[in-house]
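This report refers to the structure that appears directly beneath it.
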Amino acid sequence: MHLDLSPADLAFRDEVRAFLNENLSPELRRGQRYTTGIYPEPEISGPWQQALRRKGWLVPMWQEEWGGTGWSAAQRFIFESECTLAGAPLVHPMGVRLVGPVIQRFGTAEQKRHYLPRILDGQDYWCQGFSEPGSGSDLASLKMAAVPDGEDYVLNGSKIWTTHAHHANMMFALVRTSTEGKRQDGISFLLIDMDTPGIEVHPIPTIAGDHDVNQVFFTDVRVPKANRIGAENAGWECAKYLLEFERGGGIFSGRLRSQLKRIGDAIDELRAGGIDVRADPRLVARFGEVCADLDSFEMFELRVMGGLEPGQNPGPVSSILKLRASRMKQAVAGLGVEVLGPQALHWSEAPGQGDSLLPLLVPDALNSRSFTIFGGASEVQLTIIAKSVVGV
Ligand SMILES: Cc1cc2nc3c(=O)[nH]c(=O)nc-3n(C[C@H](O)[C@H](O)[C@H](O)COP(=O)(O)OP(=O)(O)OC[C@H]3O[C@@H](n4cnc5c(N)ncnc54)[C@H](O)[C@@H]3O)c2cc1C
């Protein structure tokens with residue numbers, strides 16, 4: 001594997017750095033740095049999304065016709081790593097990374113013309129309505145009924161763990177349109193306007209006290225059939241395609257590295273207050289282990305991404321990326337708690353009010369528990385790896 005950057009890649013890296021210097025304001029950097037939930041709030045991710053859109057760098061992985069950059073894997077890696085190392089906010093992925101590619105692949109010409117520009121300019125903020133109470137890992141058992149009635153479907157049921165549903169004006173959802181035959185063959189993929197009468201969003205506080213996830217209730221909600229992506233009962237195909245992007249469509253190592261740096265900064269903060277945790281050899285050894293793991297994960301990620309054509313997604317190997325990235329996330333966040341030691345027993349539900357990084361470490365570690373659950377639990381990823389990658 002060739003790891004040296006070519007002169008063209010180095011020039012590209014300099015261009016990215018210059019763009020970040022010019023466009024990444026201290027407020028946006030701070031917004032990302034003090035986020036402990038899954039995604040930054042829209043007032044942080046939104047302005048950054050617009051800066052990237054103006055530059056034409058918002059959707060590198062899309063088809064060029066719709067705004068894709070046609071970048072090589074090396075360029076994608078450079079771009080994402082530079083953004084995360086500079087502390088840029090995470091762009092809310094639901095539109096850009098998840099439903100956008102599905103609409104491009106399975107949508108009608110009219111659906112593409114309507115939805116794709118709205119994702120780009122941030123008019124639509126999306127949430128994902130896949131999981132239901134009792135249907136998470138076993139997603140194909142989902143029950144939310146969509147009954148045809150004239151030009152519409154009438155929806156009744158509930159979706160759960162819906163991240164940022166309280167901010168979203170649109171949801172992409174899997175609904176049951178048939179109970180005949182194989183369960184996967186009775187599911188359709190619908191785009192739902194969250195302002196439709198009959199939709200109620202109820203918050204579910206996370207273990208750290210953040211408001212990231214919700215339960216969404218549907219009572220006689222009318223959704224036009226024109227909002228269906230793909231054929232009726234063919235939604236499973238869209239869902240499988242989308243999940244590959246959810247599990248492996250991004251570059252995680254840069255983000256993990258910047259979180260590790262945040263812990264390094266917290267160590268400096270403690271030192272300034274008279275506590276030098278670097279004197280603890282066990283902690284230093286643990287730090288070394290996590291750094292080595294991160295290096296190896298980064299190499300693996302580069303190898304997978306290096307094999308992709310522009311616009312291509314990684315396929316079932318994305319389960320390996322998802323499994324390793326989520327475990328790394330917990331290892332990095334766990335280090336933060338070890339750095340705090342007994343101080344970790346006290347933590348606040350509203351960190352990020354002052355300048356100290358220390359109050360962020362415990363909420364970050366608590367929220368990191370969810371990384372091995374959302375997007376498909378680790379046990380489920382292991383089964384996919386065994387069946388589809390290893391072939392047992
Ligand atoms: C913070 C957070 C955000 C989320 N955001 C969204 C969202 O925006 N949209 C959305 O649709 N969903 C979302 N989810 C839901 C997430 O996808 C599900 O929680 C996940 O798929 C697991 O489903 P479950 O919670 O029903 O657990 P279950 O499926 O009941 O699993 C419970 C345990 O059993 C294990 N298990 C289950 N089946 C198997 C098996 N076959 N073999 C071995 N072990 C198994 C699991 O690994 C897990 O440890 C989110 C979840 C979290 C925690």
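Each ligand, and each atom within it, is numbered from 1 in the order the structure gives.
Partner Tyr125 forms a side chain to side chain donor-acceptor pair (under 3.5 Å) with one of Gln49, His92, His167 and no other, that one being His92.
Between Phe106 and Phe189, the distance separating the two ring centers is not shorter than 6.0 angstrom. For Trp161 and Phe374, the gap between ring centers reaches or exceeds 6.0 Å.
Considering only non-hydrogen protein atoms, atom 15 (C) of ligand 1 sits nearest to Ser131 OG, 3.1 Å.
Considering backbone and side-chain atoms together, Glu132 places no N or O closer than 3.5 Å to any N or O of ligand 1. Among the atoms of Ser137, some N or O lies under 3.5 angstrom from an N or O of ligand 1. Among the atoms of Phe130, some N or O lies under 3.5 angstrom from an N or O of ligand 1. Ligand 1 has a nitrogen or oxygen under 3.5 angstrom from a nitrogen or oxygen of Glu379. The shortest N/O to N/O separation between Ser135 and ligand 1 does not fall below 3.5 Å.
Under the 4.0 angstrom criterion for non-hydrogen atoms, Ile38 is in contact with ligand 1. Residue contacts with ligand 1 include Ile373, since one of its heavy atoms falls under 4.0 Å from the ligand. At least one heavy atom of Gly375 sits under 4.0 Å from some atom of ligand 1.
The atoms of ligand 1 that sit less than 4.0 Å from any heavy atom of Val213 are 1 (C), 2 (C), 3 (C). If you number the atoms of ligand 1 from 1 as listed, the ones under 4.0 Å from a heavy atom of Ser370 come out as 1 (C), 53 (C).
Within the structure, the salt bridge (charged side-chain N to carboxylate O under 4.0 Å, His left out) test picks out the following pairs touching residues 130-156 (sequence neighbours left out): Glu132-Lys159, Asp138-Arg183, Asp149-Arg222, Asp152-Arg222.
Counting heavy atoms closer than 4.0 Å to ligand 1, residue Thr206 contributes nothing at all.
Every residue meeting the ring pair (Phe, Tyr, Trp, His ring centres under 6.0 Å) condition with Phe130, not counting sequence neighbours, appears here in chain and number order: Phe172.
Contact annotation for atom 42 (N) of ligand 1: protein absent (non-hydrogen atoms, distance under 4.0 Å).
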